Amino acid sequence: SADKSIVLKQVSYTTCAQGDNSWQISASTLKLNLEAGEGSARNAVLRFKNVPILYAPWFTFPASADRKSGFLLPGFTLSEQTGADITVPYYFNLAKNYDATLKPRYLFERGFQLGAQGRYLFDRVLGMTGIIGEGKITGELMPQDSKTKSSRNLLGFQHQGRLFENISLNIDYNRVSDEQYFEDLSNRFEDTAITNLPRQLTLAYRAPGWVTSKVTFQSFQTLNTNISPLLQPYRRLPQVEVDIDSPTNWKGFRTGIHNEVVLFSRDNATNVTRYDSEPYIQYDNDQNAYFVNSKLSWRYTQYQLAAADTFNQDRYTRNLPTLSFNSGVRL
């Protein structure tokens, strides 16, 4: 046509093998605008085993690899907790490196909920190139749950990337308004088994030489209040790791040491500091006909308790030598 479009009548599409139309999409009219990279269909029907399960009088879709703003496939579930549950997501193609999805949802037994997710990707910061940062922000808000008579919400933030050439930052933060959130409102079965939501920040530095260091802060939101305090997870506030590893040097030998200090903290429990150090010497010889790998290490661990335990001790130590050997012949 004049606008460089292709118009097809009475078309159908399936990815099944020839002669097997287990699922099929058909439309009375299909128009592909190759210049705009967009297609549209009228009277579209999705069939499974020749049974129509979804009908759309008109919809558009991208006809190229580019993304396109628009409604996504609606969701519908039915459960005792929510009753009929309908979600109609809308996707916003905001830019090449970030987008968003709005998820209005109505739960017939509980009320209206608004969910949203934003994603971003940084590929150039402070003169650095390549993928250096990516993440997503997730939020859900139910202003008034008709069953609990309360406002309920969820917030999640995940990020991983580099701050500078040798410094990286990873963040994983999650929280919900109450302990029963997933059990009452989630439509995914695996979410109902969540007992602890992680909150973690890790800052890592890789020196130009042999040294790698990392600092981690980690805590949790415990959702199951019936869990015994003795079974609740410890917080790591913080965990500091320093690794020194030499490259393979004289005739396949190399050396290194792993060091760690971590403070374990928990409410109504004794705080514990763990010191861990493991020097090693390793030999690697990989040839066309054979290979030999061996490692000798000595691990020293000390637990320092903030107060003496029932055995009237506040310090425990461990020394553990380890020798490993692995070799083979290639025929």
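Hydrogens, waters and symmetry mates play no part in the numbers below; they use all other heavy atoms, side chains included. Bear in mind the structure is a predicted one, so any value in this text is a computation, not a measurement.
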key: Polar side chain donor-acceptor pair, Ser277 to Asn259, under 3.5 angstrom   = yes
key: Side-chain heavy-atom pair Glu241, Val215 within 4.5 angstrom cut-off   = no
message = I'd like to know if Arg235 and Asp267 make a salt bridge, using a cut-off of under 4.0 Å between side-chain N and carboxylate O.
response = yes
Distance-only side-chain donor-acceptor flag, Arg266 / Asn271, under 3.5 Å = no
request  = Check whether any side-chain heavy atom of Val261 lies under 4.5 Å from a side-chain heavy atom of Thr273, and answer yes or no.
outcome  = yes
message = I want to know whether Phe157 and Tyr173 have ring centres closer than 6.0 Å.
response = no
ask   = Would you say the side chains of Asn196 and Thr222 form a donor-acceptor pair under 3.5 Å?
value = yes
key: Exercise: do Gln18 and Asp20 side chains pair donor with acceptor under 3.5 Å   = no
key: Asp172 and Asn170 side chains, donor-acceptor separation under 3.5 Å   = no
task = Kindly assign one of parallel, tilted or perpendicular to the pair His159 and Tyr120, based on the angle between their ring planes and the thresholds 30° and 60°.
result = parallel
inquiry  = For Arg152, is there an ion pair with Asp184 - N to carboxylate O distance below 4.0 angstrom?
reply    = yes
task = Give a yes-or-no answer on whether the side chains of Ser297 and Glu278 include a donor-acceptor pair shorter than 3.5 Å.
result = yes
request  = Assess whether atom CZ of Phe189 is packed by more than 12 heavy atoms of other residues, nucleotides or ligands within 6.0 Å.
outcome  = no
ask   = Of all heavy-atom pairs between Ser79 and Thr82, which one has the smallest distance, and what is that distance?
value = OG-OG1, 2.9 Å
query = What's the shortest heavy-atom distance between Tyr91 and Thr101, and which atoms?
reply = CD1-OG1, 3.6 Å
ask   = Donor-acceptor pair, Arg67 side chain versus Ala95 backbone, under 3.5 Å?
value = yes
message = Do Asn174 and Gln158 have side chains that approach each other closer than 4.5 Å (heavy atoms only, starting at C-beta)?
response = yes
inquiry  = Is there a path of hydrophobic side-chain contacts, each under 4.5 Å between heavy atoms, that joins Leu320 and Leu296?
reply    = no
inquiry  = Any non-hydrogen side-chain atom of Val211 less than 4.5 Å from a side-chain atom of Asp243?
reply    = no
ask   = Only one of Gln180, Met142, Arg110 clears side-chain contact (heavy atoms from CB on, under 4.5 Å) with Thr148; which?
value = Arg110
ask   = Using 4.0 Å as the upper bound for N to carboxylate O, is an ion pair formed by Asp286 and Arg330?
value = yes
task = Identify the heavy atoms of Ala100 and Leu94 that sit nearest to each other, and give their distance.
result = CB-CD1, 4.1 Å
key: Ring-ring centroid check Tyr90 Phe71, cutoff 6.0 Å   = yes
ask   = Do Glu109 and Gln81 have a side chain donor and acceptor closer than 3.5 Å?
value = no
message = Hydrogens and angles aside, do Asp99 and Asn93 bring a side-chain donor and acceptor to less than 3.5 Å of each other?
response = no
